[in-house]
*Asks:* 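Please read through the structure below; I'll follow up with questions.
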Amino acid sequence: MGIVVVNPGALTLVEDLGRQGWASLGLSPSGALDRQSLRLANLLVGNPAGVAGLEILLGGLRLRFVTASTVAVAGAEGIVTLNGAEIPLNQAVRVAPGAVLDFGAPLFGLRYYLAVQGGVDAPKLLGSSSTDMLSGEGPAPLTSGEQLGTGRVSAGNGLVPGKGSVPGTDSVPTHGAGHGAGSGAGAGIGILNNAHVLPAIRRAPDPGRAITARVDRGPRADWFDEDSWRRLISQEWTLSPDSNRIGARLVGRPLTQTRLEELPSEGMVLGALQVPPSGLPTVFLADHPVTGGYPVIAVVRRTDLDLLGQARPGQRIRFLG
């Protein structure tokens, strides 16, 4: 085993890009809430974009590496240290045997993504190693003392190495990559040895600013009055502390349902904006139930869901539709 979990932090999960197409078995897609950040971290260390990494909620994770490796951290922005020295985010860093990697509380965003060269070796269910917190399927959350294995991947997929700033390591810089607090939106296009291009480095959301997510009308938008649609896209909603990987619960002026008959349970999709009797919507995230009996007024576009996966409780959210 290549890695020992010294402290698992608040919640650290094994996640890849999920298992698509198994709603008939009652399984949500699951996978990383911030898919772009997991892809970026994987590509930085020479992995295929979709292999399993770690999703680290609110920091606190401490890992000890038994064997040498190369790692990259993306997503949330905060202080991450290797043997006590801060390492850059959004860059590949080589790790020596015995080194200890620590994740501080994020200053921006909510979830770090750690990629390890070769990927995290975890059992697969229907082609994915992702943890599904609703069904309980997939690997259990990490615990203290647990040992993690890593897979193997061709080193030919990596970035051209560069000298790092942490003693005893090398880091692989990308153009425009920032210090430990991350880098600007649109920065960080890196060229791989095999001519693949890294996705742009996107800043984690500033907790003091509103997130904007695009929506399309849902299949039950006609169950609400027209003022409710205007209210949905004109007000700033607040992310509830009750939010999790299943759904982002929103607080604001309630929406008004005009059709009051019972709606039979129907299929739900990722990003569905479901409205219960309270009138306060929930955006379904990666571990969402595959059926539901409340009307869906809108659906958040897939490319904007990554931002919701990094939103902190109390964050303001606006919908554009």
*Asks:* Quick one: does any side-chain atom of Ser243 pair with a main-chain N or O of Arg249 as donor and acceptor, under 3.5 Å?
*Replies:*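 Such a contact is found between Ser243 side chain and Arg249 backbone.
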*Asks:* Go through the side-chain N and O atoms of Ser28 and Asp132 and say whether any donor and acceptor fall under 3.5 Å apart.
*Replies:* yes
*Asks:* Is there a donor-acceptor pair closer than 3.5 Å between any side-chain N or O of Thr131 and the backbone N or O of Ala140?
*Replies:*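 Absent.
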*Asks:* Can you list everything that forms a salt bridge (Lys or Arg N to Asp or Glu O under 4.0 Å) with Asp34? Sequence neighbours excluded, please.
*Replies:* Arg202
*Asks:* List in chain and number order the residues that pass ring-ring contact (aromatic ring centres under 6.0 Å, His included) with Phe284, two or more places apart in sequence or in another chain; answer none if no residue qualifies.
*Replies:* His288
*Asks:* Applying the side-chain contact (heavy atoms from CB on, under 4.5 Å) test to Leu114, which of Leu38, Val80, Ile56 qualifies?
*Replies:*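 So, applying the side-chain contact (heavy atoms from CB on, under 4.5 Å) to Leu114 and each of Leu38, Val80, Ile56, only Ile56 qualifies.
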*Asks:* Which residue pairs satisfy the salt bridge (charged side-chain N to carboxylate O under 4.0 Å, His left out) criterion with at least one member in residues 3-24, sequence neighbours excluded?
*Replies:*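 Residue pairs with at least one partner in residues 3-24: Glu15-Arg245.
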*Asks:* List the atom pairs, with distances to 0.1 Å, where a side-chain N or O of residues 95-105 and a protein N or O form a donor-acceptor pair under 3.5 Å, not counting sequence neighbours.
*Replies:*
unit_1	atom_1	unit_2	atom_2	d
Asp102	OD1	Arg62	NE	2.6
Asp102	OD1	Arg62	NH2	3.4
Asp102	OD2	Arg62	NE	3.3
Asp102	OD2	Arg62	NH2	3.3

*Asks:* Can you tell whether the side chains of Arg217 and Glu226 come within less than 4.0 Å, N to carboxylate O?
*Replies:* yes
*Asks:* Indicate yes or no for a side-chain donor-acceptor contact from Trp229 to the backbone of Ile297 under 3.5 Å, with no hydrogens or angles considered.
*Replies:* no
*Asks:* Can you list the other members of the hydrophobic cluster that holds Leu58, where links are side-chain heavy atoms under 4.5 angstrom apart?
*Replies:* Leu11, Leu13, Leu57, Leu110, Met133
*Asks:* State, to 0.1 Å, how close Glu261 and Trp223 come at their nearest heavy-atom pair, and which atoms those are.
*Replies:* O-CZ3, 3.4 Å
*Asks:* Would you say that more than 12 heavy atoms from the other residues, nucleotides or ligands in this model lie under 6.0 Å from the OH of Tyr294, or not?
*Replies:* no
*Asks:* Counting N and O atoms only, with roles assigned by atom type, does the side chain of Gln315 sit under 3.5 Å from a partner on the main chain of Thr238, one being a donor and the other an acceptor?
*Replies:* no
*Asks:* Starting at CG of Leu250, measure out to OG of Ser278 and round the result to the nearest 0.5 Å.
*Replies:* 10.5 Å
*Asks:* With rounding to the nearest 0.5 Å, note down the distance linking OG1 in Thr12 to CG in Asn7.
*Replies:* 8.5 Å
*Asks:* Begin with the C-alpha distance, continue with both residues' side-chain angles, and end with the deciding distance and a verdict on side-chain contact (heavy atoms from CB on, under 4.5 Å) for Arg231 and Thr256.
*Replies:* CA-CA 10 Å; Arg231 197 150 61 242; Thr256 304; 3.2 Å; yes
*Asks:* Go through the structure and list residues passing salt bridge (Lys or Arg N to Asp or Glu O under 4.0 Å) with Arg318, not counting sequence neighbours.
*Replies:* Glu236
*Asks:* Please check if the side chain of Gln235 supplies one atom and the backbone of Arg253 the other of a donor-acceptor pair under 3.5 Å.
*Replies:*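 Such a contact is found between Gln235 side chain and Arg253 backbone.
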*Asks:* Is Leu270 linked to Val283 within one hydrophobic cluster, defined over Ile, Leu, Val, Met, Phe, Trp and Tyr using a side-chain heavy-atom separation of less than 4.5 Å?
*Replies:* yes
*Asks:* What about Val73 and Leu142, same hydrophobic cluster or not, with Ile/Leu/Val/Met/Phe/Trp/Tyr joined at side-chain heavy-atom distances under 4.5 Å?
*Replies:* yes
*Asks:* Do Thr150 and Asp121 pass the side-chain hydrogen bond (donor to acceptor under 3.5 Å, both in side chains) test, and can you show the C-alpha distance, the side-chain angles, and the key distance before you say yes or no?
*Replies:* CA-CA 5 Å; Thr150 57; Asp121 187 13; over 6 Å; no
*Asks:* Taking atom OH of Tyr113 and atom CD of Gln310, what is their separation to the nearest 0.5 Å?
*Replies:*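 One finds 6.0 Å between OH of Tyr113 and CD of Gln310.
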*Asks:* Is it the case that the side chain of Glu77 and the backbone of Ala204 share a donor-acceptor pair, with hydrogens and angles ignored and the cut-off at 3.5 Å?
*Replies:* yes
*Asks:* Do the side chains of Tyr112 and Leu54 get nearer than 4.5 Å, heavy atoms only?
*Replies:*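 The answer is no; the side chains never approach within 4.5 Å.
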*Asks:* Which atoms form the tightest heavy-atom contact between Pro281 and Leu255, and what is the distance?
*Replies:* CG-CD1, 4.4 Å
*Asks:* To the nearest 0.5 Å, tell me how far Ile201 CD1 sits from Ser37 OG.
*Replies:*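 Interatomic distance, Ile201 CD1 to Ser37 OG, rounded to 0.5 Å: 9.5 Å.
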*Asks:* Tell me whether Arg64 contacts the main-chain N or O of Val6 through its side chain, where contact means a donor paired with an acceptor under 3.5 Å.
*Replies:*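 Not confirmed, Arg64 side chain does not pair with Val6 backbone.
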